[in-house]
Amino acid sequence: MSTHANHPYHLVDQSPWPLTGAIGALVTVSGLLSWFHQYSTNLLFLGLTITSLTMFQWWRDVTREGTFQGLHTYPVTLGLRWGMILFIVSEIFFFLSFFWAFFHSSLSPTTELGAMWPPAGITPFNPLQIPLLNTAILLASGVTVTWAHHGLMEGNHSQTLQGLFFTVTLGIYFSILQAYEYIEAPFTISDAVYGATFYVATGFHGLHVIIGTTFLLVCLVRHALSHFSVSHHFGFEAAAWYWHFVDVVWLFLYISIYWWGS
């Protein structure tokens with residue numbers, strides 16, 4: 001009996017990684033609760049370790065399938081493209097809910113907030129300091145990732161490598177500055193609806209920056225190993241789309257929360 005597939009689609013083999021990923025997510029969330037209520041981080045680090053190992057091994061398998069086994073044919077790649085597009089659309093609505101909550105509270109502040117925005121007693125960030133620097137960093141990273149993409153399309157290996165390196169470096173720099181901003185913040189997440197919407201919106205964006213930086217770092221390593229070609233590099237394109245989405249969300253965050261909201 002022939003094992004040759006008479007179709008261009010990829011029917012994936014059985015894999016343990018969805019199960020270990022779900023276990024890692026469960027342990028991580030349980031660890032967060034343990035950290036918040038019992039001030040213990042042991043369960044949290046265990047969950048993060050399981051999730052990180054799952055990510056590494058799952059990405060390794062997908063890389064093997066797409067790069068070495070030739071299973072990512074044109075119809076499969078087309079499906080991956082639509083999947084990434086729909087994922088980014090879902091992320092847009094995810095952040096839309098945060099902006100909705102922010103404008104709902106800020107356009108008509110209640111008497112409990114002192115009928116003013118920002119609420120009485122809260123000192124907002126100066127939008128011309130670290131927030132403006134972070135805006136410049138993300139805009140520059142959008143330029144470098146586009147530069148890397150053009151280098152890849154032209155078959156320029158070193159240019160793509162340099163562009164990805166600078167993009168990852170700028171992403172790490174952004175995360176460091178945001179962490180410093182949180183440490184020096186004059187208000188907390190429990191300071192009225194202003195603190196809640198600020199930290200939830202900017203915090204989830206910061207998480208997306210970390211995820212996008214990891215995504216691009218994997219692409220940097222894969223490109224250094226010559227996994228990408230001019231005609232076969234969807235992994236890089238998906239990372240670039242995601243990074244541009246992160247850039248655009250930050251522009252809306254800066255204009256609405258940091259600048260207008262202050």
Check the angle between the aromatic planes of [X] and [Y] and answer parallel, tilted or perpendicular using the 30° and 60° thresholds.
X: Phe68; Y: His227; answer: perpendicular
X: Trp250; Y: Tyr258; answer: tilted
X: Phe245; Y: Tyr242; answer: tilted

Any side-chain heavy atom of [X] sitting closer than 4.5 Å to one from [Y]?
X: Phe174; Y: His205; value: yes
X: His149; Y: Glu237; value: yes
X: Ser256; Y: Phe99; value: yes
X: His157; Y: His223; value: yes
X: Ile172; Y: Ile176; value: yes
X: Thr160; Y: Phe228; value: no
X: Glu65; Y: Val76; value: no
X: Trp259; Y: Leu132; value: no

So, [X] side chain and [Y] main chain: donor-acceptor pair closer than 3.5 Å or not?
X: Ser105; Y: Ala101; result: yes
X: Thr123; Y: Pro186; result: no
X: Thr41; Y: Leu44; result: no
X: His232; Y: Gly70; result: no

Rounded to the nearest 0.5 Å, what separates atom [atom1] in [X] from atom [atom2] in [Y]?
X: Asp61; Y: Phe56; atom1: CG; atom2: CZ; result: 10.0 Å
X: Leu161; Y: Leu220; atom1: CG; atom2: CG; result: 5.5 Å
X: Trp17; Y: Ile23; atom1: CH2; atom2: CD1; result: 11.5 Å
X: Trp260; Y: Ser106; atom1: CH2; atom2: OG; result: 3.5 Å
X: Thr67; Y: His72; atom1: OG1; atom2: NE2; result: 8.0 Å
X: Asn134; Y: Tyr180; atom1: CG; atom2: OH; result: 12.5 Å

In this structure, would [X] and [Y] fall into the same cluster of hydrophobic residues linked by side-chain contacts under 4.5 Å?
X: Val200; Y: Ile255; value: yes
X: Val246; Y: Ile85; value: yes
X: Ile211; Y: Ile88; value: yes
X: Val218; Y: Leu170; value: no
X: Leu32; Y: Tyr199; value: no

What's the shortest heavy-atom distance between [X] and [Y], and which atoms?
X: Ile257; Y: Ala201; result: CD1-CB, 3.9 Å
X: Gly24; Y: Ile50; result: CA-CG2, 3.6 Å
X: Cys219; Y: Gly235; result: SG-O, 3.6 Å
X: Val209; Y: Ser175; result: CG1-OG, 3.7 Å
X: Leu217; Y: Val168; result: N-CG2, 3.8 Å
X: Pro18; Y: Trp58; result: CG-CH2, 3.7 Å

### Message
Are Trp117 and Phe102 an aromatic pair, judged by ring center distance below 6.0 Å?
### Response
yes
### Query
Is there a ring pair (Phe, Tyr, Trp, His ring centres under 6.0 Å) between Phe95 and Phe252 once you walk through the steps?
CA-CA 10 Å; Phe95 279 98; Phe252 280 99; over 10 Å; no
For [X] and [Y], which I'm curious about, is there any donor-acceptor pair between the side chains at under 3.5 Å?
X: Asp13; Y: Ser15; value: no
X: Trp243; Y: Ser141; value: yes
X: Tyr182; Y: Thr202; value: yes
X: His150; Y: Gln159; value: no
X: Thr20; Y: Thr54; value: yes

### Message
For Asp247 and Leu139: C-alpha separation, side-chain torsions, deciding distance, then whether side chain to side chain contact (heavy atoms under 4.5 Å, CB included) applies.
### Response
CA-CA 7 Å; Asp247 285 352; Leu139 290 176; 5.7 Å; no
### Message
For Trp147, I'd like to know if atom CH2 has over 12 heavy atoms of other residues, nucleotides or ligands within 6.0 Å.
### Response
yes
### Task
For the pair Phe236 and Trp241, evaluate side chain to side chain contact (heavy atoms under 4.5 Å, CB included) and give the outcome as yes or no after the intermediate values.
CA-CA 9 Å; Phe236 173 84; Trp241 293 353; over 6 Å; no
### Message
Set out, in order, the CA-CA distance, both residues' side-chain angles and the distance that settles side chain to side chain contact (heavy atoms under 4.5 Å, CB included) for Tyr173 and Leu133, then state yes or no.
### Response
CA-CA 10 Å; Tyr173 187 30; Leu133 176 58; 4.1 Å; yes
### Message
I'd like to know whether Phe198 forms a ring pair (Phe, Tyr, Trp, His ring centres under 6.0 Å) with Phe187, so could you lay out the CA-CA distance, the side-chain angles of the two residues, the decisive distance to 0.1 Å, and finally the verdict.
### Response
CA-CA 10 Å; Phe198 175 87; Phe187 57 90; 5.2 Å; yes
### Message
As a quick check of understanding, evaluate side chain to side chain contact (heavy atoms under 4.5 Å, CB included) for Phe125 and Gln129, giving each step before the final call.
### Response
CA-CA 8 Å; Phe125 287 102; Gln129 294 179 348; over 6 Å; no
